[in-house]
Amino acid sequence: MRYWLMKSEPDEVSFDDVLAAPDRTTAWFGVRNYQARNFMRDQMQPGDGVLFYHSSCAAPGVAGIAEVASGPYPDASQFDPSSKYFDAKATREQPRWISVDVRAVEKGRYLPLTEMRGVPELDDMVLLRKGSRLSISPVTPGEWNAVLRLIRQEQ
DNA sequence: GCCAACGTTGGC
DNA sequence: GCCAACGTTGGC
């Protein structure tokens, strides 16, 4: 069992959107970075823990807890010419990009990035490293436990 | 809107 | 295979 942090722009897909979706599950599409793709393809397993992170918004932070809910499969948006994620070099026979399904599990207190930066257990988090832009990054068990403790704190 | 940091592209 | 130019990410 591994742990991950996955970034989503809440204007596109927010944690509440996933909570409201059928089976609280959504396809994670639009990843167009090879390192992030390889994490999904090679390392993610159904049941892995996911920190659902809101990026590119007024107050970036962890919006909820989710889990990986499928194995990898081709990202449909790469084949759709009307999608901004269309990739002319991808074919059905040779897909380039993949998705996994993600299921919302628990919504706690919103944990802002600004607060995360002050938490000693999170000092080495990939997310917090200078210049880190990965949309999917690994989370250690220690980091996972620290984040869960924080989001379950009373407000 | 700015801009640092990083990834990708393409000429050579 | 190098690397400059360009594009993107994402916090601020």
Side-chain angles (χ1 to χ4, degrees), chain A residues 2-21 26-44 48-68 72-102 104-140 142-151 153 155:
Chain A
R2 299 178 194 252
Y3 303 104
W4 307 95
L5 181 138
M6 300 175 80
K7 296 180 184 175
S8 182
E9 301 191 11
D11 287 349
E12 282 202 54
V13 182
S14 71
F15 188 73
D16 285 342
D17 291 338
V18 183
L19 274 178
T26 191
W28 203 272
F29 64 94
V31 170
R32 293 295 180 269
N33 169 282
Y34 290 106
Q35 205 177 340
R37 179 201 67 181
N38 293 348
F39 283 139
M40 286 196 289
R41 186 189 61 190
D42 303 333
Q43 296 191 39
M44 274 189 183
D48 281 1
V50 173
L51 303 177
F52 195 109
Y53 181 87
H54 283 180
S55 68
S56 292
C57 56
V62 175
I65 303 301
E67 66 182 0
V68 177
Y73 58 91
D75 177 341
S77 66
Q78 68 192 306
F79 308 124
D80 177 3
S82 69
S83 168
K84 70 171 182 173
Y85 296 115
F86 177 67
D87 185 341
K89 293 179 179 166
T91 65
R92 302 261 175 197
E93 295 70 31
Q94 295 252 300
R96 276 189 159 186
W97 306 110
I98 63 156
S99 291
V100 297
D101 288 345
V102 171
V105 172
E106 174 185 347
K107 182 175 179 175
R109 180 174 73 92
Y110 191 82
L111 178 62
L113 174 62
T114 51
E115 183 178 341
M116 296 172 75
R117 291 197 190 280
V119 179
E121 295 97 319
L122 304 183
D123 272 352
D124 295 327
M125 241 184 134
V126 173
L127 172 78
L128 302 184
R129 285 184 199 157
K130 186 178 163 71
S132 174
R133 305 184 313 189
L134 268 179
S135 62
I136 297 175
S137 55
V139 171
T140 68
E143 291 160 355
W144 175 264
N145 290 334
V147 168
L148 259 67
R149 176 169 46 76
L150 289 165
I151 72 168
Q153 272 177 0
Q155 309 233 12

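If you're wondering where the values come from, they're calculated on a predicted model, not measured in any experiment. A, B, ... follow the sequence lines: proteins, then strands. Residue 1 opens every chain. Just the heavy atoms: all of them, side chains too, but no hydrogens, waters or symmetry mates, feed the values below.
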What's the CG-C1' distance between A/Leu128 and C/dT9, to the nearest Å? 16 Å
In whole angstroms, how far is the P atom of C/dG11 from the CG atom of A/Leu5? 11 Å
Given the rule in the side chain to side chain donor-acceptor pair (under 3.5 Å) test, do A/Ser77 and A/Arg32 qualify, once you have shown the distances and angles that lead to the verdict? CA-CA 11 Å; A/Ser77 66; A/Arg32 293 295 180 269; 3.0 Å; yes
In whole Å, what is the span from the CE atom of A/Met6 to the C1' atom of C/dT9? 17 Å
Between A/Tyr34 and A/Trp97, is the gap from one ring center to the other below 6.0 Å? yes
Atom CD of A/Glu9 to atom C1' of C/dT8: distance rounded to whole Å? 11 Å
Could you please name the option among C/dC12, C/dT8, B/dT8 that lies closest to any side-chain atom of A/Leu113? C/dC12
Whole-Å gap separating C1' (C/dG11) and CG (A/Leu134): 16 Å
Indicate, yes or no, whether a donor-acceptor pair under 3.5 Å links the base of C/dT8 to the side chain of A/Arg32. no
Parallel, tilted or perpendicular for A/Tyr110 and A/His54, by the 30°/60° rule? tilted
What's the closest nucleotide to the side chain of A/Tyr34 if the choices are C/dG10, B/dT8, C/dG11? B/dT8
Closest to the A/Thr114 side chain, choosing from C/dT9, C/dG11, C/dC12: C/dC12
State which of B/dG7, C/dG10, C/dC12 makes the closest approach to the side chain of A/Gln35. B/dG7
Give the intermediate values and the outcome of side-chain contact (heavy atoms from CB on, under 4.5 Å) for residues A/Val126 and A/Val139. CA-CA 8 Å; A/Val126 173; A/Val139 171; over 6 Å; no
Tell me: CZ of A/Arg133 to P of B/dC3, nearest whole Å? 17 Å
With a cut-off of less than 4.0 Å, is there a side-chain N or O of A/Tyr85 near OP1 or OP2 of C/dT8? no
A/Lys7 NZ to B/dC6 P, straight-line distance once rounded to whole Å: 12 Å
Derivation and outcome, side-chain contact (heavy atoms from CB on, under 4.5 Å), residues A/Lys7 and A/Leu127: CA-CA 10 Å; A/Lys7 296 180 184 175; A/Leu127 172 78; 3.7 Å; yes
Looking only at the side chain of A/Lys130 (C-beta and beyond, no hydrogens), which of the listed nucleotides B/dA4, B/dC6, B/dT8 gets closest? B/dA4
Touch check for A/Arg129, heavy atoms < 4.0 angstrom, all strands: base, sugar-phosphate only, or nothing? nothing
Roughly how many Å is it from CG in A/Asp87 to P in B/dG7, rounded to a whole number? 18 Å
